[in-house]
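Please read the structure below before turning to the comments.
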Amino acid sequence: MDKALPASAWTLASLAGFTLFWAVIAAALASPVLPGPEAVFQAFLHEVRIGNYWYSMGVTLLRVIAAFTIAMAIGSAIGIALGRSAWAERAFGGWLSLFLNLPALVTIILCYVWFGLTEVAAITAVAVNKIPNVAVTMREGARMLSRDLGEMAGVYRLSWGESMRHVILPQLAPYFAVSARNGLALVWKIVLVVELLGRSNGVGFQLHTNFQLFDVAAILAYAIGFILIVQFIELGILGPWEAYTKRWRR
């Protein structure tokens, strides 16, 4: 009987158990630093009524999309170039390691110092932090490209566009999907830090404001809301797309 339950049912049951556990602990402590689910829901309703909630979510989501798109495009190009060219790897592989280990906070501060407290600085800081991660994953994918399929493309005299479409991209698609899923999880967290340090709107700004007011319920309302949005994107869009990219391996 248990085995017949779908994975989604187990997930919902687990989350319900966590919510119950949270409510019991919050009721037992009766402390403002750990509000229960009901208090968090009331804080959510309050933020919605005054017009902060959905506006802040939308602003942050736009920053996430912009930084994510830039990082995926540039990181993929760099990774494929390094994986396909031994010369490029020898010349620029060390640069990739350098940026991969550069702390995100340092990048954020430097971008704000160099470009000012602007949207360009905010999005650049997030993208720069994500590009090396994408490049590393795509570099490994480029290294794993099938030599036999490449030779087949040469035998059939496929054009560069046909070779990319039918030979190279299908092999790289799973690596791109992994980069996208990992990238989304990383980018939105960095965006919140960027907003907390130097923007006057967004979820990160609201977290900073409510921290100063010691409003833990509002902090949790924003945090849980954005986690749910990101999970919806991952499970509803990136997850199915990743499964689609692997169909050719069957």
Side chains of [X] and [Y], heavy atoms from C-beta outward: is any pair under 4.5 Å?
X: L105; Y: L197; value: yes
X: W22; Y: L34; value: yes
X: Q206; Y: F226; value: no
X: R181; Y: V178; value: no
X: W188; Y: I227; value: yes
X: N182; Y: N133; value: no
X: E89; Y: R143; value: yes

Can you see which heavy atom on [X] is nearest to which on [Y], and at what distance?
X: F176; Y: S76; result: CE1-OG, 3.2 Å
X: A221; Y: Y53; result: O-OH, 2.7 Å
X: R199; Y: L117; result: NH1-O, 2.7 Å
X: A127; Y: A67; result: CB-O, 4.0 Å

In terms of hydrophobic clusters joined by side-chain contacts under 4.5 Å, are [X] and [Y] together?
X: L220; Y: I25; value: yes
X: L184; Y: L62; value: no
X: V194; Y: W114; value: yes
X: W54; Y: V203; value: yes
X: V59; Y: V64; value: no

Under 3.5 Å, side chain of D215 to main-chain N/O of F211, donor-acceptor pair present?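 Absent.
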Does S85 use its side chain to pair, donor to acceptor, with the backbone of A81 at less than 3.5 Å?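 Pair absent, no side-chain N/O of S85 close to backbone of A81.
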Rounded at 0.5 Å granularity, tell me how far [atom1] in [X] sits from [atom2] in [Y].
X: T107; Y: I131; atom1: OG1; atom2: CD1; result: 10.5 Å
X: L82; Y: E140; atom1: CG; atom2: CD; result: 10.5 Å
X: I123; Y: F68; atom1: CD1; atom2: CZ; result: 14.5 Å
X: S179; Y: M138; atom1: OG; atom2: CE; result: 6.0 Å
X: L96; Y: I78; atom1: CG; atom2: CD1; result: 7.5 Å
X: T60; Y: L207; atom1: OG1; atom2: CG; result: 8.5 Å

Using the rule side chain to side chain contact (heavy atoms under 4.5 Å, CB included), only one of I108, L110, I109 pairs with V106; which is it?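 Among the candidates, only L110 passes.
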Residues F205, S56; criterion side chain to side chain contact (heavy atoms under 4.5 Å, CB included); working and verdict: CA-CA 8 Å; F205 173 76; S56 298; over 6 Å; no
Pair Y222, E47 - check side chain to side chain donor-acceptor pair (under 3.5 Å), show working. CA-CA 9 Å; Y222 277 103; E47 293 296 315; 2.7 Å; yes
Which pairs of donor and acceptor atoms, one on a side chain in residues 35-46, lie under 3.5 Å apart (sequence neighbours left out)?
none

Does the plane of the ring in F92 sit parallel, tilted or perpendicular to the ring in W95? Use 30° and 60° as the thresholds.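 Judged by the thresholds at 30° and 60°, the geometry between F92 and W95 is perpendicular.
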Under the salt bridge (Lys or Arg N to Asp or Glu O under 4.0 Å) test, which residues partner R63, sequence neighbours left out?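 Salt bridge (Lys or Arg N to Asp or Glu O under 4.0 Å) check on R63 returns E119, E195.
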Go through I80 and R139 one step at a time and tell me if the side chain to side chain contact (heavy atoms under 4.5 Å, CB included) criterion holds. CA-CA 5 Å; I80 294 172; R139 179 180 63 181; over 6 Å; no
Kindly indicate, with the supporting measurements, whether the criterion side chain to side chain contact (heavy atoms under 4.5 Å, CB included) is fulfilled by L228 and Q231. CA-CA 5 Å; L228 292 177; Q231 282 295 301; 5.5 Å; no
Please determine whether side chain to side chain contact (heavy atoms under 4.5 Å, CB included) holds for the pair L61 and I233, giving the CA-CA distance in whole Å, both sets of side-chain angles, and the decisive distance to 0.1 Å. CA-CA 11 Å; L61 193 57; I233 295 173; 4.0 Å; yes
